[in-house]
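The structure appears below as structure tokens.
Each chain gets a letter, A, B and so on, in the order the sequences are listed, and its residues count up from 1.
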Amino acid sequence: QKEVEQNSGPLSVPEGAIASLNCTYSDRVSQSFFWYRQYSGKSPELIMSIYSNGDKEDGRFTAQLNKASQYVSLLIRDSQPSDSATYLCAVNTNAGKSTFGDGTTLTVKP
Amino acid sequence: GAVVSQHPSWVICKSGTSVKIECRSLDFQATTMFWYRQFPKQSLMLMATSNEGSKATYEQGVEKDKFLINHASLTLSTLTVTSAHPEDSSFYICSAREQQDYEQYFGPGTRLTVT
């Protein structure tokens, strides 16, 4: 089992729809959770960080964390073609280790 | 957000030569820096983790004598690809983190082509 698992996709949604990206992790002592966006040929950029159970909203993005279920998700509302990218989930443990998922590729169709 | 720079952004070198890539955190002190490699349409692959002032920790399968990492200060880490071969051609990306619970910030990457 991978330490951080994401559906590889591709996930395709129409413009204006909600895109839902999911991530599960195996290490129960994980403390910090992050979502990154990576456009093709570019390096990843941080979108959201979340540390506590519940929802965290930033503009069109909402991160959701459920530590009991070892699950973190990213919702993108009103999806735009410019949101088309690979989304990476990352998890930090108490020991400072950072582990990335393989990413989910999202395509938003006009 | 925090800014991480990388230099050069792209480099072409001949087989057998060495290439140095610099990674700098511009507006924060990075206790930890990471080096990744990414081949086209593949996932990020962590090569090594370096903490300022100590030796880098390399991931399994990464040759430490071939990929020399130096983290001499809280704002600078370097990766030297020694005796480069065409199979070392890849996108090399560094990232920096201020504290262990914090997010990583990525540099823009360096595209290396070995001819």
Side-chain angles (χ1 to χ4, degrees), chain A residues 2-10 21 23 25 27 29-52 56 58-59 61 63 65 67 72 74 84-107, chain B residues 1-10 21 23-25 27-28 30-52 54 56-60 79 90-113:
Chain A
K2 289 184 178 180
E3 294 181 57
V4 178
E5 293 212 49
Q6 297 181 249
N7 291 329
S8 60
L21 304 160
C23 173
Y25 59 94
D27 192 337
V29 298
S30 299
Q31 293 295 319
S32 315
F33 308 86
F34 311 97
W35 283 99
Y36 292 83
R37 176 176 62 198
Q38 185 176 23
Y39 292 113
S40 181
K42 302 292 186 182
S43 65
E45 58 179 319
L46 180 70
I47 300 176
M48 295 279 286
S49 57
I50 186 166
Y51 300 90
S52 306
K56 180 181 178 183
D58 183 0
F61 299 98
L65 174 61
K67 290 187 178 181
V72 57
L74 179 70
S84 299
T86 296
Y87 289 81
L88 302 169
C89 171
V91 175
N92 286 10
T93 66
N94 269 346
K97 182 179 176 182
S98 295
T99 304
F100 282 79
D102 289 339
T104 298
T105 300
L106 171 67
T107 300
Chain B
V3 180
V4 176
S5 70
Q6 241 179 284
H7 178 81
S9 55
W10 60 270
I21 302 170
C23 177
R24 292 182 185 271
S25 58
D27 51 2
F28 67 101
T31 55
T32 307
M33 286 185 167
F34 304 86
W35 286 95
Y36 296 85
R37 182 166 56 181
Q38 189 173 38
F39 294 105
K41 298 192 184 299
Q42 293 190 22
S43 308
L44 280 177
M45 189 195 84
L46 178 65
M47 299 175 68
T49 301
S50 76
N51 292 298
E52 184 265 339
S54 56
T57 302
Y58 290 81
E59 295 299 303
Q60 193 172 7
L79 166 68
S90 188
F91 190 40
Y92 291 85
I93 312 171
C94 74
S95 70
R97 187 178 70 191
E98 189 171 6
Q99 294 184 34
Q100 75 173 34
D101 289 341
Y102 287 20
E103 55 276 2
Q104 294 180 39
Y105 290 96
F106 285 84
T110 296
R111 201 162 298 281
L112 170 64
T113 302

Next on the checklist: Show the nearest heavy-atom pair for residues G41(A) and R111(B), with the distance to one decimal.
Outcome noted: O-NH2, 3.1 Å
Checklist entry - Got a donor-acceptor contact below 3.5 angstrom from the S43(A) side chain to the G107(B) backbone? => result yes
Checklist outcome for this item: Greatest number of non-hydrogen atom pairs under 4.5 angstrom with chain B, of S49(A), P44(A), G101(A), falls to P44(A)
Checklist entry - Any idea which of P108(B), G109(B), S95(B) has the most non-hydrogen atom pairs under 4.5 angstrom with chain A? => result P108(B)
Checklist entry - Relative to chain B, which of T99(A), T105(A), L46(A) shows the most heavy atom pairs under 4.5 Å? => result L46(A)
Checklist entry - Does any heavy atom of chain B fall under 4.5 Å from the side chain of N92(A), the backbone, both, or neither of them? => result side chain
Next on the checklist: Would you say NZ of K67(A) has more than 12 non-hydrogen atoms from neighbouring residues, nucleotides or ligands within 6.0 angstrom?
Outcome noted: yes
Checklist entry - Got a second to check how far K41(B)'s NZ is from T86(A)'s OG1, nearest 0.5 Å? => result 9.0 Å
Checklist entry - Atom CD1 in I93(B), atom NZ in K42(A): separation rounded to 0.5 Å? => result 11.5 Å
Checklist entry - Are Y105(B) and F34(A) close enough that their ring centers fall under 6.0 Å? => result no
Item to check | Heavy-atom contact with chain B under 4.5 Å, split by part of E45(A) | outcome: neither
Checklist entry - Is the number of heavy atoms from other residues, nucleotides or ligands within 6.0 Å of OH (Y102(B)) greater than 12? => result no
Checklist entry - Between F33(A) and chain B, which part of the residue has a heavy atom less than 4.5 Å away: side chain, backbone, both or neither? => result neither
Checklist entry - After noting the C-alpha distance and the side-chain angles of F100(A) and S43(B), does the key distance pass the side chain to side chain contact (heavy atoms under 4.5 Å, CB included) rule? => result CA-CA 9 Å; F100(A) 282 79; S43(B) 308; over 6 Å; no
Next on the checklist: Less than 4.5 Å to any heavy atom of chain A: does that hold for the side chain of Q104(B), its backbone, both, or neither?
Outcome noted: both
Next on the checklist: With rounding to the nearest 0.5 angstrom, report the OG to CD distance, S32(A) to E103(B).
Outcome noted: 8.5 Å
